[in-house]
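Values below: every heavy atom of this structure, side chains too, minus hydrogens, waters and symmetry copies.
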Amino acid sequence: MCETRLSVVRGRWSVVLLAGAGAAMLAALVGCDNEDANSVALRTASNELSALMPRSAIPASDVHAQSRYQSIIQDMRAVTADGNKTQKASANLVISRARYGLALPKAEAVQRLQADLRARINISRAIYGRLLTHRALEQAAAAYNPAPELAEIDTETARFADEIAATKQAKAAVDGVVAKLLTEAASNRDQSRQLRAVEADLRRQVLTTDDYGEAARLMEQTQKVRRNADQFEITASDLEARAARAAPESEEIQRQIDRLRNQSALLLQSRADVLTRAQATRDDAAEAAARVTEVSGALAQALTDLAQSMADDMPPAVEEALAPLRSSASAASQARGVARGPAGAALGQARQSIGDLRWSTAGVYKAYAVLLGVLAGVEPPLTGVGDLAAQAQTARDAYAEQILAAAESYQQAADASSGDLADALRTRGDKLAALGGEPTAEPGEDPADLDPPDEPDEGDAAGEGDQSG
């Protein structure tokens, strides 16, 4: 029984995966009658390809799929060696799809690696942000100088001390006047009391004398003594009144002294607070400096590890995914003479996948170049990270190389395609070609106005042979 099976699935890279292209071609070109060994081998290989492709009814493990793809390729070499023209074209188309299948897990591995690299670039940016924060804290703490504030407080404290001393002198003067008035008042009252005693004695003499002349003389003397006593009493009262009027001034001056003392005490507390703050600031500066050293070390280590992965891990991983894609394109191109439609689709898919892979790689280099460009301008310069400016230039060069290679691959994919797809691929290639200079956009931005998926689609990947891309 002869079957034709066309499995159409969409992968995680960019275009529809024509998993049953080999089977479809056999149905159209070979037919089911008079099958020879080559026809059977082609049909068997095509059916197995359909079963192996991603998202088939029973997906195969990567290890098993890779083994079967290699086996299919080996089986097809016999057909390309002794088959007829149609069989050779069919075999090359099957080889193209098998090579593409070989590329899928390698391309997915590149995706995972590039996602990890982007995450590590973002982590480095975050560490750099922490470094800026701690440097700012260190600089702010180191810049704090308590001397001007202390000098101002000491000047104010001295001024208050002078005011307190002058106010005390004023109070002492007022208190002296009050005390003198009260002393004089007391003296006058003593003299008044003494004269009152004399007056009382004279009155007794008047009452006890029988001599009217003497009594008259004593009465006159009594009146004189009383008037003098009254005068001393009046003087004493006037002096006490004057002292009473002066006393509130002394009390007000005392309240002023108390206010000045309270203000001076507040200044002394402010001085103590400034000294405490200065010590805390010195402690903060020391802690911030320690954090700067710690975070600088973490950033240097992150950049060193990132640089090693960018140099040692990504290029071979990308090349390992590109190799089967190139081979897929080469095999498909060899089938175009007989099977132009299916072979063109396979060729366009392989070259578009190469473009997607180049593009995603360029995006990582762009993010890396922007990061290094920022860090290269840091003052004071970062230590333990080498020449960041040179590394940034290397990353920019790699970006330009990859973006131009992606543009070329898209244009080649457009040449192998037709209709709207060809137009879209050519437009994308033209836009990417225009981006082949400095990667000035922020990491994560899409080039120009292009709107690709954040990650390439699953259906595009493969290897040896055609070196396009």
Would you indicate whether the side-chain heavy atoms of Gln402 and Trp359 approach each other to under 4.5 Å? no
Sidechain-backbone polar pair: Gln111 side chain, Leu357 backbone, donor-acceptor under 3.5 Å: no
Salt bridge (Lys or Arg N to Asp or Glu O under 4.0 Å) evaluation trace for Arg277 with Glu149: CA-CA 11 Å; Arg277 187 163 60 251; Glu149 194 172 358; 3.0 Å; yes
Is a side-chain N or O of Ser264 found less than 3.5 angstrom from the main chain of Leu260, in a donor-acceptor match? no
Is there a side-chain contact between Val110 and Glu320, using heavy atoms and a 4.5 Å cut-off? no
Side-chain donor/acceptor of Ser328 to backbone N/O of Ser96, under 3.5 Å: yes
Here the gap from Thr155 atom OG1 to Leu267 atom CG, rounded to the nearest 0.5 Å, amounts to 10.5 Å
Over 12 non-hydrogen atoms of neighbours within 6.0 angstrom of CG in Asp420: no
Between atom CD of Gln263 and atom CG of Asp258, what is the distance when rounded to the nearest 0.5 Å? 11.5 Å
Check this for me: does any side-chain nitrogen of one of Asp116 and Arg120 sit under 4.0 Å from a carboxylate oxygen of the other? yes
Matching residue for Tyr410 among Asp430, Asp356, Thr427 - test: side-chain hydrogen bond (donor to acceptor under 3.5 Å, both in side chains): Asp356
Distance check, rounded to the nearest 0.5 Å: Leu42 atom CG versus Thr86 atom OG1? 10.0 Å
Applying side chain to side chain contact (heavy atoms under 4.5 Å, CB included), run through Val385 and Leu299 and close with a yes or a no. CA-CA 9 Å; Val385 292; Leu299 180 57; 5.8 Å; no
Before giving the answer on side chain to side chain contact (heavy atoms under 4.5 Å, CB included), spell out for Gln349 and Arg97 the whole-Å C-alpha distance, their side-chain angles and the decisive distance to 0.1 Å. CA-CA 10 Å; Gln349 183 183 23; Arg97 303 318 304 159; 2.7 Å; yes
Walk me through whether Ser309 and Leu117 qualify under side chain to side chain contact (heavy atoms under 4.5 Å, CB included). CA-CA 8 Å; Ser309 291; Leu117 289 172; 3.7 Å; yes
Would you say Gln279 has more than 12 foreign heavy atoms packed within less than 6.0 Å of its CD? yes
Could you please spell out the steps behind the side chain to side chain donor-acceptor pair (under 3.5 Å) verdict for Gln256 and Arg259? CA-CA 5 Å; Gln256 185 176 355; Arg259 285 195 298 271; 5.0 Å; no
When you compare the side chain of Tyr128 with that of Val378, does any pair of heavy atoms fall below 4.5 Å? yes
Side-chain H-bond candidate by donor/acceptor type, Gln114 with Thr361, under 3.5 Å: yes
Give a yes-or-no answer on whether the side chains of Asp387 and Gln391 include a donor-acceptor pair shorter than 3.5 Å. no
Residue pair Leu102 / Pro105: nearest heavy atoms and the distance that separates them: O-CD, 3.6 Å
Can you tell me how far CZ of Arg261 sits from OG1 of Thr167, rounded to the nearest 0.5 angstrom? 10.0 Å
On a heavy-atom basis, which atom in Ala332 and which in Leu347 lie closest, and how many Å separate them? CB-N, 3.6 Å
Approximate separation, where rounding is to 0.5 Å, of Glu252 CD and Ile257 CD1: 10.5 Å
Quick one, Ser296 and Thr383 - any side-chain contact, counting heavy atoms below 4.5 Å? no
Are the side chains of Glu319 and Arg326 in contact, using a 4.5 Å heavy-atom criterion? yes
Hey, mind stepping through Val295 and Thr133 against side chain to side chain contact (heavy atoms under 4.5 Å, CB included) and telling me if it holds? CA-CA 10 Å; Val295 176; Thr133 299; over 6 Å; no
Contact check, side chains of Ser330 and Gln334, non-hydrogen atoms, under 4.5 Å: yes
Salt bridge check: are Glu408 and Arg351 linked by an N-O gap of less than 4.0 Å? no
Between Ile127 and Ala302, which heavy-atom pair has the shortest distance, and what is it? CD1-CB, 4.1 Å
Ala321 and Ala103 have their tightest heavy-atom pair at O-CB, 4.1 Å
Please lay out, stage by stage, how Glu401 and Lys366 fare under the test salt bridge (Lys or Arg N to Asp or Glu O under 4.0 Å). CA-CA 11 Å; Glu401 177 185 353; Lys366 180 180 71 174; over 6 Å; no
Gap separating the CD atom of Gln87 from the CG atom of Asn38, nearest 0.5 angstrom: 4.5 Å
If we only count heavy atoms from C-beta on, is the Ser360 to Val364 side-chain gap below 4.5 Å? no
Can you see whether Gln74 engages Arg77 through a side-chain donor-acceptor pair at a distance of less than 3.5 angstrom? yes
Give the minimum heavy-atom separation between Leu404 and Ala433, together with the two atoms involved. CD2-O, 3.7 Å
Which heavy atom of Ala331 sits nearest a heavy atom of Ile95, and at what distance? CB-CG2, 3.9 Å
Any non-hydrogen side-chain atom of Asp284 less than 4.5 Å from a side-chain atom of Leu137? no
Verdict with supporting geometry, Glu138 and Arg135, salt bridge (Lys or Arg N to Asp or Glu O under 4.0 Å): CA-CA 5 Å; Glu138 179 187 14; Arg135 277 188 172 179; over 6 Å; no
For Asp415 and Gln411, does a side-chain donor sit closer than 3.5 Å to a side-chain acceptor? no
Check whether Ser67 reaches the backbone of Val63 with its side chain - one donor and one acceptor, N or O, closer than 3.5 Å. no
Run the salt-bridge test on Arg291 and Glu294 with the 4.0 Å N-O cut-off and return the result as yes or no. yes
